[in-house]
Amino acid sequence: MYQYDRFDQAMVDARVEEFRDQCQRRIEGKLTEDQFKPLRLMNGLYLQLHAYMLRVAIPYGTLSGPQMRALGDIADRFDRKYGHFTTRQNIQYNWIKLEEAPDILAALAKVEMHAIQTSGNCIRNISSDHFAGAAADEVTDPRPYAELLRQWSSFHPEFSYLPRKFKFAVIASETDRAAMRLHDIGINIVRGHNGDLGAAVYVGGGMGRTPMIAPLIRDFVPLDQLVTYAEACLRVYNRYGRRDNKYKARIKILVHELGAEEYTRQVEAEFAHLLAQNIEPPIAELERIKAHFAQPAFMPGDVETSQPDVGDGKFAVWVDRNTHPHKQSGYASAVISLKPVGGIPGDATSDQMRLMAALGEQYSFNELRVTHTQNIVLPHVRKADLFALWQQLEAAGLGTANLDQVGDIIACPGLDYCSLANARSIPVAQRISERFAANGKGDTLGELKLKISGCINACGHHHAGHIGILGVDRKGVENYQLLLGGSEAQDTSLGKITGPGFSEDGIIDAVETAADVYLRERQDGERFLDTYRRIGMDPFKEALYG
Amino acid sequence: MIILTGNDLKSGAVVWWAGVDWSLHVAEAVDVGDQAASIAAREEAARRVNAPYSIDALRDENGVRPAHIKDRIRALGPTVRPDLTLKPADPEAGNWVI
Amino acid sequence: MADALRFRTDNAVDHPAVTVDAYLEQSNASAVRIEPGDDARDLLPHLGHIRLVEINFPAFGDGRGYSAARVLREAGYTGEIRAVGDVLVDQIAYLRRCGFDAFEPDQPLDPSDVKMALARWPDVYQSAADGRVPIWSQRHG
Ligand code: SF4
């Protein structure tokens, strides 16, 4: 994986000192909160419901054992012994003191990490496929392109006061595991007709209040023009994106209002202009970055191509659900579920972080990933090691076998932590996972992606859940809307609201009712989403409200 | 009653205006009447509080109850982590916010 | 104009800037003021006659002026580009990178803060309007 050179390190170190100075000026009263707020946000520091919250970037979700260990240690030293992994592959600490924030950034910088641009109206952390570099189906490892863009977007002088936040996702396979088309810019690295790699660029997707699926605006950008093309996309947005209304300021609104064709025309004109400005790093820079992502030294595949007899029933289920095919025979990617029954989705204790760090070092060539579904991946595990790995996970409460099942719920922090929330998300997730574990239906449902947001901002991706839940405020009481039919995979679709909302108890029942309709109606091999798409909303409405 | 709340500038902790100083406990909040804006401005300028705002609340037998659930959760702590709330020993504390 | 912090040695223009619309209609002014909604490219045919472009930031969070400055520099404009309005020391390094070479904010800047802010970044990741050599170029000599 990528390692800083002296330049990268110097930039991060300078940022720590800059922020130390800014915090000092705030505490001394030289900066008002209005002036300080955008500065702290660009360092990931929010003022949340209970305290300051710090969001730390995990670029394209990849981290090493020592980095994961450092995250655990920070949780002990500066927070309350846990952290929350987010739907953008980052981690958040919930109980931060302003005075200590610069020290945390300094601790992060020691392990080549930072919180740069994890908030604010700038280019945010770039997300990617959590199986990148391991997945059997990828065209290439997408992360070098994400890293190239990370450096380009870091401290970008022109694009640090955009109309609104800006999120990239970069993938390189037909299967979309990163909700690519629900980002401001989604990039899919593809092989062109001539056999060369290039970027298919989608612009103007997003969730939030006005969910939109990004249209393709260019099917092939040569890799030696990628940064220039991104610059053109951003410049058109910075100049013409709406600034009169915060809710209409995302690039999806600009693309929608102009039309994809007109937006594309403007980008192409800006692109032609910028090509003459020579702002593109040389291909040698991309090659330098790529060298950091060289394949680990896998054992030859023919030594053992399958794990030993899976014996223990529980282990077999875990292997079946929580591992993913690897490009190297004899290996698999193993997913550690942070969704125990009744647990808080995405939360991990400092001890769990340190254990996962050690397991990543021992079994996965010192690499871990954070998924946008708030789980952790050990990307390169020998199949022969899976049993030993699973045993250690089980012992630490990390062996839940529920990947992509109804218990593998995405939930945003909601009203338990978030100052923008209308309703709590976590207790709903906890009760749903408990309900389906207790009645045994969870095991019969197969793939069912359930996603919960505590407000319209949709951090919990509710629009893209096979079943989505949106918390709303009804006269000061928490209320929940139910959505069906969303997907954030390659068949991206947006869920539709079933009808009137439900109370907290009501929404738990409603989810079970929807699941029952599926169990009754499903045909051979259909997932919940397939059945919904075949039979439509009516049978569900009938059962829910009829 | 109208009470004043915000976060401690340095620690970020949720605080309530208790008449002469800020308190961690909503039960100690006092009615600020029409003084909310002036107290907030003074305290903010003195950097004792960050992002202060006033809210409606009711005084009842259990103390002071903010009108909105959001401020009740702020007063208690995260309902999903009773151990991290101000009432870690009380398993029923979470019911108060609803 | 005595208060402007300038990073140039020529004499400052001594008359007030006119709006872009006024300039385009008919003007022999040599100073123009760009507001956030103006298109800096409208000025490109006239750059040879302009000595000062003021770019206004009614609120520091409105970043359109950064693009406006770069557009002018990319078109070869070498006159003064002055940031006016709500401009804080925390934005100054980025503004310099986009081609601003003078600052006259509503709230005067503390020169020592400015000096520190400009010295903060040892290097830069991107090619922009200030001619600094990006890190990628240094890596590959
Ligand atoms: S969706 Fe709303 S409640 Fe949930 S984390 Fe985002 S802003 Fe907060």
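Protein chains get the first letters and strands the later ones, always in sequence-line order, with residue 1 at the start of each. Only heavy atoms go into these numbers, but all of them, side chains included; no hydrogens, no water, no symmetry mates.
- Below 4.5 Å, heavy atoms of chain A meet heavy atoms from C:Asp62, C:Gly63, C:Arg64, C:Tyr66, C:Ser67, C:Arg70, C:Val71, all part of residues 62-72 of chain C.
- Only the side chain of A:Leu39 comes within contact range of chain C, judged by heavy atoms closer than 4.5 Å.
- Contacts of C:Arg73 with chain A are absent, with no heavy-atom separation under 4.5 Å from either backbone or side chain.
- Closest approach of C:Arg97 to A:Pro157, counting heavy atoms only: CB-CB, 3.5 Å.
- The number of heavy-atom neighbours closer than 6.0 Å to CG of C:Asn28, taken from other residues, nucleotides and ligands shown, is 12 or below.
- Enclosure of atom NZ in A:Lys290 by more than 12 non-hydrogen atoms of other residues, nucleotides or ligands within 6.0 angstrom is indicated.
- Within a 6.0 Å radius of CZ in C:Phe7, other residues, nucleotides and ligands contribute more than 12 heavy atoms.
- Within 6.0 Å of the CD atom in A:Glu28, the count of heavy atoms belonging to other residues, nucleotides or ligands exceeds 12.
- Listed options A:Ala10, A:Ser154, A:Gly120 were ranked by heavy-atom pairs under 4.5 angstrom with chain C; first place goes to A:Ser154.
- Here the CG-CE distance, from A:Asp21 to C:Met116, works out to 4.0 Å after rounding to the nearest 0.5 Å.
- Interface with chain A: from residues 118-130 of chain C, residues C:Arg120, C:Trp121, C:Pro122, C:Asp123, C:Val124, C:Tyr125, C:Gln126, C:Ser127, C:Ala128 qualify, criterion being any non-hydrogen pair under 4.5 Å.
- Only the side chain of A:Arg243 comes within contact range of chain C, judged by heavy atoms closer than 4.5 Å.
- Note that CE of A:Met42 is 9.5 Å distant from CG of C:Asp90, once rounded to the nearest 0.5 Å.
- The environment of CG in C:Asp10 is crowded: more than 12 heavy-atom neighbours from other residues, nucleotides or ligands sit within 6.0 Å.
- Contacts between A:Glu270 and chain C at a heavy-atom distance below 4.5 Å involve the side chain alone, from C-beta outward.
- Contacts of A:Pro38 with chain C are made by side-chain atoms alone, with heavy-atom separations under 4.5 Å and no backbone atom involved.
- Distance check, rounded to the nearest 0.5 Å: CZ of A:Phe7 to CZ of C:Arg139 gives 7.0 Å.
- Contact between A:Pro282 and C:His140 at its shortest, heavy atoms only, is CG-CD2, 4.2 Å.
- Both the backbone and the side chain of A:Asn238 come within less than 4.5 Å of a heavy atom of chain C.
- Around the NZ atom of A:Lys167, the shell of radius 6.0 Å holds more than 12 heavy atoms that belong to other residues, nucleotides or ligands.
- Residues A:Tyr240 and C:Asp39 come closest through the heavy atom pair OH-OD2, 3.6 Å.
- Surrounding CD of C:Gln107 are at most 12 heavy atoms belonging to other residues, nucleotides or ligands under 6.0 Å away.
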Does the side-chain contact (heavy atoms from CB on, under 4.5 Å) test come out yes or no for A:Leu31 and C:Leu88, once each step is laid out?
-> CA-CA 10 Å; A:Leu31 285 174; C:Leu88 307 171; 5.9 Å; no
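- Heavy-atom distances place the backbone of A:Asp34, and not its side chain, under 4.5 Å from chain C.
- Within the 4.5 Å cutoff, the side chain of A:Met11 has heavy atoms near those of the C:Ile135 side chain.
- For the atom pair CG of A:Asp5 and CD of C:Gln138, the computed distance is 10.0 Å after rounding to the nearest 0.5 Å.
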Take C:Trp136 and A:Trp152 through the side-chain contact (heavy atoms from CB on, under 4.5 Å) test and state the conclusion after the steps.
-> CA-CA 10 Å; C:Trp136 47 256; A:Trp152 160 76; over 6 Å; no
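- Contact of A:Leu274 with chain C is made through the side chain alone, with heavy-atom distances under 4.5 Å.
- Ranked by heavy-atom pairs under 4.5 Å with chain C, the first of A:Arg15, A:Glu280, A:Gln22 is A:Arg15.
- Side-chain N/O atoms of A:Tyr161 and C:Gln91 include a donor and acceptor closer than 3.5 Å.
- Between chain C and the residues A:Arg25, A:Arg288, A:Gln35, the most heavy-atom pairs under 4.5 angstrom are made by A:Arg288.
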